[in-house]
Amino acid sequence: MLYHVRMDVRIPHDLDPGVRADTIAREKAYAQDLQRAGKWRHLWRITGEYANVSVFDVESHDELHEILSGLPLFPYMDVDVTPLAKHPSAIA
Ligand SMILES: O=C(O)CC1=CCC(=O)O1
């Protein structure tokens, strides 16, 4: 099952710089593991924003929820999920 996910990152300005750097480093490792596993199919920066659009390929809503809620930056994100279905005119 494919999902379009938009993540807007809103790290508080007063967060300890060490905690900030550690959280971002853990986020990167977590995201790259999921990309290597084929679960996180696309990860794009939205130009000019601290936000991304991503496409996930997972088995269920529950699996996606588990992945998203496990993001180290999850406490500092607004997340918007859109389930994707096949378009009848798509050739791939
Ligand atoms: O910077 C972001 O958009 C948040 C994020 C998701 C995966 C990652 O490495 O950073």
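Positions are given from 1 along the sequence. Note that ligands are numbered from 1 as they come in the structure, with each ligand's atoms numbered from 1 the same way.
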Got a salt bridge between D22 and R20, using NZ or NE/NH1/NH2 to carboxylate O under 4.0 Å?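 Answer for the salt bridge query: no.
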ring-ring contact (aromatic ring centres under 6.0 Å, His included) partners of Y76, counting only residues at least two apart: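 For Y76, no residue satisfies ring-ring contact (aromatic ring centres under 6.0 Å, His included) once neighbours in sequence are set aside.
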Would you mind writing out a table of all protein N or O atoms found under 3.5 Å from any N or O atom of ligand 1, naming both atoms and giving the distance to 0.1 Å?
unit_1	atom_1	unit_2	atom_2	d
ligand 1	1 (O)	R45	NH1	3.3
ligand 1	1 (O)	R45	NH2	2.8
ligand 1	3 (O)	R45	NH1	2.7
ligand 1	3 (O)	N52	ND2	2.9

Apply salt bridge (Lys or Arg N to Asp or Glu O under 4.0 Å) to D78 and list each qualifying residue two or more places apart in sequence or on a separate chain. R10
Hey, what do you get for CD (E49) to CZ (R45), rounding to the nearest 0.5 Å? 10.0 Å
Strictly by salt bridge (charged side-chain N to carboxylate O under 4.0 Å, His left out), give each pair with a member in residues 53-62 just once, sequence neighbours left out. R41-D57
Classify the side-chain pair W44/S54 by whether it contains a donor and acceptor separated by less than 3.5 Å. no
